[in-house]
Structures are given as C-alpha cells and as structure tokens.
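This report refers to the structure that appears directly beneath it.
Each chain gets a letter, A, B and so on, in the order its sequence line appears, and its residues count up from 1.
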Amino acid sequence: MDEQKQTYDPAAIEPKWQAFWSENNVFRAKNPGDPDFDLEQPKFYALDMFPYPSASGLHVGHPEGYTATDIVSRCKRAKGFNVLHPMGWDAFGLPAEQFAIQTNTHPAEGTARNVDTFRRQLKTLGFSYDWEREFGTCDPSYFKWTQWIFKQLHARGLAYESNAPVWWCEALGTVLANDEVINGRSERGDHPCERRPLRQWVLKITEYAERLLQDLDDLDWSESLKTMQREWIGKSEGAEIEFDVAEHGDKKIRVFTTRPDTLFGASFMVLAPEHALVSQITTAAQQSAVAGYVKAAAAKSELERTELAKEKSGVWTGAYAHNPLFKKDDPKGRIPVWIADYVIVTYGTGAIMAVPAGDERDFEFAQKFGIAIPGIFAPDTGDAESDRAVASGDKCCTDEAPYAAHCQTHDGKITLHGLSMADGMRQLIEWLVAEGRGEAKTTYKIRDWLFSRQRYWGEPFPVLHTDDGVQLVADDQLPVELPMMEDFKPGGVPESPLIRAQDWVKTTDASGRPATREINTMPGAAGSSWYFLRFCDPNNDNEFCSKAASDYWLPVDLYVGGTEHAVGHLLYSRFWTKALHDDGLVSVKEPFHKLYNQGMIQAFAYQDERGAVIPRDKTKVDGDDVVHIETGKKLKQTVTKMSKRYGNVVNPDDIVNEFGADTLRLYEMYMGPLADAKPWNQKDVPGVHRFLHRSWRLAVPEDAEKGTVHAWLSEDRDRDAALEKALHRMIHKVTGDIERMAFNTAIAAMMIFVNEATKAMDKLSRSQLLRFAQVLAPFAPHICEELWHRLGGEGLLTYAAWPTVDEKLLVDDDVEIAVQVLGKVRARVKLPRNASKDEALAAARDSVASWLEGKNVVKEIVVPNKLVNFVAK
RNA sequence: GCCGGAGUGGCGGAAUCGGCAGACGCACUUGAUUCAAAAUCAAGCGCCGCAAGGCGUGCGGGUUCAAGUCCCGCCUCCGGCACCA
C-alpha cells in the first residue's frame, strides 16, 4: 500500500484515511428510495449547529461540539444504525456583509472563501460527515425553498406587513428582532437601537405561543434552556377588567391583571405614557405637566428607562376612574388616573389597576405620591406589628394571604373572606363577567417575529408590490435571486440598499403589469430555521424535502451547540416546524428531540494586583510564576473567554499540525464534562497525545525489522483472562459513557486499560487489540482505522460491529471490602464475592480486633461486597 | 430583586442509587536508561505529624451506623430574567 512508519505519525496516517473515507464515500447516509436502503435499519440523526463561516476560521470551540456528535455518530454506525450526520453553512447575514464592506469585496466572494477554509479545517479533523449533503443557506438551490416556505407561511396568514414600532439600529443600518436587541443595544456590535414605526414583514409566532410553551415539556432539553424559552414566551394568566372614566361617559380603561381578586385594593390607575387615552382624558389643569412627562419618557432610551427604574416617577392626569366593585355613586370607588413609565405600553393593555397593598411597585408609587393604601389582607403572622401593618395596608403583602372581611362586592354576591386565592380569583372573574366588566385573559410577552432587514446579504422576499397590493412570486419563478451590486452598503435612510438596483426592483407581475420587488431581505435566522429539514433531502429540486425523507429522519435525535441560540434560532425552528406540520408538510411537531448545550472553552489569562488582564505577549514564565515583563511583578492566573485582546486564542490548526487531529479531538473531550465551561490548558495536550503513543505501541514495534505489528499479534491465540476481563470492563464503561455523553470518563477508562495492557503487553491477543481499536475509534478515528488495517481487521473499522460485553466478565471472584469502626475505615479484607453475612462479619471482626478491644459492638452493618461497619461503644 | 447551575489537592477533573473522597490526566519529586538531553520505564505525590494518629469536598448547623451526595440557614462565582401588572 504505502510506506509504513513504525512510530505513531499522525501527519502521515490522518490525511491518508481522510482521503480514503472521502474517495469511498464511507459516511454516506442512505435515504428512503436509494437502491440499498433498508427501512428496517434504525436511524439516528446527529446534528451540529452549523457554523457561521467567519473570516477568522475555525475556533477550538467549534470542534468541541462537533467531536461529541461525531463520537455518537460513529458509535451508532457501529451499532447498526443508519446515521445522518451532515454539515453545512449558515452563510447569509450581517457579519459577512460587514466583513465585505471592510475589505471592499463582495459578500458572495468572501463567504465562498470562508466556507472553503471551514471545510478544509473540518476535513482535517476527520468528522464523519456525509459531505454529499453539504449546502449553504446562500445557495440559490437552498434559498429557493426558504422563499417557498415563506409563501406557505404567507398563505396561512402567518406573514404580514406591519407599521408598528420596531428596533432600528442606525450603526448597522437595519431593523432588528427582539432577540437581537439586549437592553436597547444590538447584540452584534453593541450599538444603540431605537424604536421607530417602519413598514416591515412580521411572522406571527405569537399564534404558536401556547404550543411552543406546552410542547417544551416533552423535550429532552436542559431545564435551564427550557426556562429561558418559557420566560421568553412569558405566559401570564389573569383577567382584563374595564373601568369607566369619570366625567367621560363613553371612555373606558381596560387593564390586565394576574390578580383580579385584589381589585378590592385598587386605589389608583396607571396608564403608560404612550397610551392612546392619555391625551383624551387629561384635564386642562394637568395638561402641561402630562405633556412634559410624555415628552421626557419618549426621549429616554430603553436603557435609561430600565436603568432609572429604582425611583418611581409619574404624573396625575387630573382624571378619575370608577372601580366596578363599588356602586356608581359610591365615592370609595373613585380613583385617580396617573401616567408613569413603569407601565409598558406593549404589554397587556398598556394600563394597570394599582393595588399598593398587594404589589411592591404600586406600593412604592403610592407611598411616594401619598396615595391611599387600602388594606385587603387579613393578619395571620402572629406578629403584632406585622399584622397591624398588613391589615391597615401599611405593608405590601405579595404572597398568598387570607382576604380581609370587608372584601365583598357591593351587591353582596361575592365575599372573598375565607376563600383560597384560586377560588377568590375564579369567583371574582365570574362576577366581573356577569357584570359585563371583564373576563379571564391570558397574555404572552413574546412578540411577533420581525422578519425583514434593510441589508443586501440575505434572502430576497418572493414578493412584488403592485397597485393592487402585494403579490407573491409564482413557484416556477423561484428563486428570486439577489442582483449583483457593486455598492451594497446600507444607506443612511432606513431603506434597503437594494433600492439602488432599480433594474432589479422594477419588474412586472405575472400578467405583465408594472410591479416593484420587495427590497427588504430576510434575517439570518430565516435560513437556519429549516436547514435540519433540508439535510434530510438536500438535492431535491422538486420539493423542499420529500415527505418520505423527513418522515424517516426527523426528529433530530441529538442536537449539539451553544446556549446563545436559546431564544432565537431554537424558537424560530420550532415555530417553522409546527407551521409546516399544520400544513401537512412534515409529520413531526418538534424538530429536536434531545438538545445538548456544550460549555464554552475558556482560556487562562494573567491579571495584575488591580485585576487588569495582561495580554499574553506582555507576560513571561519565571520559574513557577508568570510575571509582567515590564514591571517584573508576579501575576495571578485567572480564566477568561478566549480573546484576541488577551492573546489567548488557540487555533485548532496549530494543534493539528503539532499533535494531529486525533489528539485535538481526544483532548477536547478529555477536558471535562461537555456541558461545563472549562479552560484550555496547553500543558495537558501532551498527556492525551502520550496516551495515543502508548496505544500505538501496544500493536506496533519500534524496530521495523520486528514487523508491522508485534510478532505475538500475527495470529489469534488464547486470550489472557485478566486482560480479557479488563477489556470487557472498559468496553462496558465506554459504551455507557458515550450513551450519557460523559466522554471524559470514557477516555479515562481507556487510559486505565492501556496502562494495564502495557504492563502485560506480550500477553495481548490480536482480537483484544482489534476490539480496543474499535471503542477508541469514535474518539480518535484515524489512528484506530490504521491499527485495524495493520492488524488485519476485516473490512473497514467504521462499519465493524460494536464489540459486545460478557456480563460474567464484569465481576470478580474476590472482592475487597472496607471495614469501618464507627464509620471510619480501619482495615480492608479480601472475601469471595457474595460471601455470607456471617463470613464477612467474622473476617471483618478479626481485621479490626485492636480497634474493638474493650468496646461493646452495639450494631453491625453489612453492605454485601462493599463494606462492614461496626458501631462500638 | 427573581430563577437556574456550580464551589472537591498546586491545576483540569472523578465519585452514575446515601456506602472506601481525590479515578484519569497535568505539574512536581526520586530512581532506571543515556556521554548528555529528549523520549521511555519504575515509584511517590490532599493537609498536619518523626510516628501512632488526626484533619479534610465554600461556611455554620442537622438527619444517619455511614453525607461531596439528603435537610435547614448563609457566603462566593457563573448563566439567564428583570418595573411584564
């Protein structure tokens, strides 16, 4: 075949096997309809969050998750599964365009180059992807179907144009969705954003809010991620209640509350400053104060509004509302209407009833402005001072508390006293409904998905604007491709650069009438909302994905990636899947069954006594310490995110060049639990590299004259019983650990085996080494395929059946048990496995005789095959 | 403020069901090999103590024959949410 070196040489064997796998299409996944497809074979779909191909290339964080899914994929393949393990590129979007502007190139060019780099880097790592399924979201053959799906959403009324206020980011020259704006600043670039009413395309994700919430329960996702989605969806149950505005006959204020039962304690109302009623009900005397407050609130950025949240502010409108619990002419029901910026116009009805005795914010507000705080809860703490305060309303009581006796409707029909909170709410809502004053209501915080951007590098909408309104481009005209533009920079106006491509914009509709194209483009998350579906059937020109293919492959069995997509991509993908399901286009309701979040790979950094991180090139190692080169002062080790600024970024290419891909894969899996954040420690890398050398030496002699493999391995022979047991124990451990994604302990188990085998090297059999190579292969595939080949394993290791474990070999004949006196280990004794209780006690008592001398054993605990504990006084 | 997760040697981490804390790796120490170094191999390596022994999983209590693991109260760090009525 080729020149065979005797020492472990990853630089030679890794490219060799990568080429072999590629040329022979070893990792191709069979699809329904393929000639050799077998529907009986179980399937496994292992998916990575496909990367955004940035100009800086692969980061060590990428291979962390990719290695994890690759291990599972290779193991499943060996266990007889038909495995779908694809890779592609999330290639449309802002950063590519930003980079193109900076470097004065076209984003298509830069993206293609970056994709080439990523592909090359990933291929050197030996991932078992089915590269025939590769695509990028910016490929016309892909975004044709992204546009087609948009049409399906539009047909069902899930896509609409809106003029509502949206987040506009001047620096990025585009509008952004809620999940892309954090505290009023853009997630990407940290630029300030502001609310502006602009015509935009919006997707009606709110229609799916309840199902997106309910269906979370059955997913195998971490609780923290589910919590993030639940909080984002933000469901609240309660009621809407209608108040008349006094002296304004027909004017009514509707409020949303989660505690309608506390209506008895409502002593004022608050409208958001932007609320439509404000200008209508404000009295002449309050006109200027109210106008001033509204203006000031509008000028505040979102950030200022939340930052200044500590101190309540507000202005009285001069108007009064009437609490429907009281008779029309009862002055107790007459409560003032205020405006304040702690009430948010976009949530609920933008107006609240304020119950200072039951809500901390309302309490704070009432105290500051001297508004009445009517007590509505009965004392029950037993603490005199506290009880007095609760009863009089001097204390806010936000927990569930018994109602006061006077909580009774004016008609006497409802008395809350003695009821539970749930019953109180239910009865009061019933009363309000009967009175025509309100109804039960559920609200959600989630807003519809802002789906258009004023940028060039995205999917064009399949939309034409005509005098008659919006028309969708016919299916046979898809895809609508981007026009080639020299200058695609965003303009200063909130309008897409595509407006300058007038040749493209001006067109005709199907019947030849003049039309203009939609000039906004879709957001980056459009293409990533269904790529997992396309991977099932990526080369289909007639459908977005055949039903047979998606029925077979979906849902994704294992999805691995970072938490940064918790409320963006992961929610949008679930939404699109449900929408397509409702159209009968896919069978599943959820795309990702098991989701695993990898932790971030961090790096060590060094900080001075003030805590400032000193860049790596300004530090040096001095004995056991790391010191600042300029000052010579000792620095303290800390852990940070990898950052160019600190000079502690690790490039995977460097590791591959120095140690090989197998070492990189193994090291990243050995660092610690996949889900944990953990620091890269360059000093640990040679440790796993040594392990591979030791593994290699189990098979290959250093001296070429002694042969390709050790003489004793040339043919099979009797297996050494002790090694066979150690091997079975190891295989059992590794198999279970892969199943529970505990790769670090799996590797530790293999190290233990190699250590044992090294000590009795010439007792190893060929069969034992072949099986060892098989279980190591998912982690370090190249070295194992090479060992398999050299040892004369049948066919390719990749498709060799996973070794079986003989349960009988997992147990020893003798066990060592710990002997404790009063819970402290004082001796160990060796006993036959499953020795009787008496036998164990007798042996144990002898072993700790000196500890029991002069003492009275009052109790004896025997845990079979583990320990004996004497309780002696 | 609220909701999660975590805190174990010099470092990364292990302990899957309440049953021997520190697996495995790194670093370090000693020895073998070597002219020497690297590599490799062998041994040691939680803390205090000459030893016997004692102490030890963020802190303080508790349950238990037995607690890193369970309960109560705190501290610190990380992540998320945050005037959402």
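- Figure legend: A:K441 and A:F256 shown without cation-pi pairing, the cationic atom not lying both under 6.0 angstrom from the six-membered ring centre and within 45 degrees of its axis.
- Between B:C41 and A:R690, no contact under 4.0 Å exists linking OP1 or OP2 to a side-chain N or O.
- Closest non-hydrogen pair, A:P260 versus A:M425, comes out as CD-SD, 3.7 Å.
- Taking the syn range as angles within 90° of 0, the glycosidic angle of B:G9 is syn.
- The separation between A:K866 atom NZ and B:G18 atom P is 11 Å, rounded to whole Å.
- In this structure, A:N744 reaches the B:A14 phosphate: one of its side-chain N or O atoms is under 4.0 Å from OP1 or OP2.
- Between A:Y347 and B:A85 there is a side-chain N or O to OP1 or OP2 distance below 4.0 Å.
- Ring planes of A:F369 and A:F365: tilted class, angle from 30 to 60°.
- Not one side-chain nitrogen or oxygen of A:R230 sits closer than 4.0 Å to the OP1 or OP2 atom of B:C3.
- At the heavy-atom level, A:W851 lies under 4.0 Å from the strands shown only through sugar-phosphate atoms.
- Closest to the side chain of A:E231, from the set B:U16, B:C81, B:G19, is B:C81.
- Between A:S236 and A:V871, the residue anchored nearer the 5' end of RNA chain B, judged by the nucleotide with its closest heavy atom, is A:V871.
- Across all strands shown, A:E860 has no heavy atoms under 4.0 Å from either base or sugar-phosphate atoms.
- Under the 3.5 Å distance criterion, with hydrogens and angles disregarded, no donor-acceptor pair is assigned to the side chains of A:N648 and A:S643.
- In this pair, A:W680 and A:Y667 present their aromatic rings perpendicular. The plane angle is above 60°, beyond the 30 to 60° band.
- Spacing between B:A15 and B:A66 at atom P, rounded to whole Å, works out to 25 Å.
- Classification of the A:W696-A:Y8 ring pair by plane angle, with boundaries at 30° and 60°, yields tilted.
- Nucleotide B:U64 forms no Watson-Crick or G-U wobble pair with any nucleotide shown, as no partner meets the under 3.5 Å limit on both distances.
- Per the geometry, NZ belonging to A:K368 stands 17 Å off P belonging to B:C83, to the nearest Å.
- Atom C1' of nucleotide B:A42 and atom CZ of A:R694 are separated by 12 Å, given to the nearest angstrom.
- With both pairing distances under 3.5 Å, B:A38 is matched to nothing as a Watson-Crick or G-U wobble pair.
- Only the P atoms considered, B:A39 is 10 Å distant from B:C28, to the nearest whole Å.
- Taking only side-chain atoms of A:D684, from C-beta outward, the nucleotide of B:A15, B:G19, B:G25 with the closest atom is B:G25.
- Both A:F604 and A:I861 lie close to RNA chain B; mapped to their nearest nucleotides by heavy-atom distance, the more 5′-ward contact belongs to A:F604.
- Using C1' as the reference atom, B:A67 and B:U8 are 14 Å apart when rounded to the nearest Å.
- Between the side chains of A:S313 and A:Y293, a donor-acceptor pair is found at a separation under 3.5 Å.
- For A:H728 and A:H732, the gap between ring centers reaches or exceeds 6.0 Å.
- Distance from the side chain of A:D737 is smallest for B:U16 among the nucleotides B:C65, B:A14, B:U16.
- Of the candidates B:G4, B:C83, B:A85, the closest approach to any side-chain atom of A:S224 belongs to B:G4.
- Not a single donor-acceptor contact under 3.5 angstrom links the side-chain atoms of A:K683 to the base of B:C11.
- Comparing the P positions of B:C26 and B:G80 gives an interatomic distance of 35 Å, to the nearest angstrom.
- For the pair A:L822 CG and B:G54 P, the interatomic distance rounds to 11 Å; values are reported in whole Å.
- Here, B:C47 and B:C11 have their P atoms 11 Å apart, quoted to the whole Å.
- Here B:A85 presents its P atom at 10 Å from CD1 of A:I344, a figure rounded to the nearest Å.
- A 3.5 Å limit on both hydrogen-bonding distances identifies no Watson-Crick or G-U partner for B:G56.
- Between A:Y670 and A:F743, a ring centre-to-centre spacing not shorter than 6.0 Å is recorded.
- Atom CD of A:Q602 and atom P of B:C11 are 16 Å apart (whole Å).
- Partner assigned to B:U33 is none, using Watson-Crick or G-U wobble distances below 3.5 angstrom.
- Here the nucleotide nearest the side chain of A:K759, chosen from B:C83, B:A42, B:G19, is B:A42.
- Both distances falling under 3.5 Å, in either a Watson-Crick or a G-U wobble arrangement, place B:C81 opposite B:G1.
- Ranking B:A85, B:C24, B:G13 by closeness to the A:A748 side chain, first place goes to B:C24.
- Between B:G25 and A:N681, no contact under 4.0 Å exists linking OP1 or OP2 to a side-chain N or O.
- One can place NZ of A:K859 at 9 Å from P of B:A66, the figure rounded to the nearest angstrom.
- Look at B:C26: its Watson-Crick or wobble partner, with both distances under 3.5 angstrom, is B:G10.
- Side-chain atoms of A:K678 lie closest to B:G13 of the nucleotides B:A21, B:G13, B:C83.
- Across all strands, A:E816 comes closer than 4.0 Å to base atoms (heavy-atom distances).
- A glycosidic torsion no more than 90° from 0 defines the syn conformation; B:C77 lies beyond that range and is anti.
- Side-chain N/O atoms of A:R826 include one lying less than 4.0 angstrom from OP1 or OP2 on B:G54.
- Side-chain proximity of A:I752 to the nucleotides B:A85, B:A42, B:C24 is greatest for B:C24.
- Separating the P atom of B:G9 from that of B:G60 is a span of 15 Å, rounded to the nearest Å.
- Nucleotides B:C65 and B:G13 have their C1' atoms positioned 31 Å apart, rounded to a whole Å.
- In this structure, of B:C24, B:G13, B:G19, it is B:G13 that holds the atom nearest to the side chain of A:P673.
- On the C1' atoms, B:G12 is 11 Å away from B:A27, given to the nearest whole Å.
- Counting to the nearest Å, the P atom of B:C77 and the CG atom of A:D676 are 19 Å from each other.
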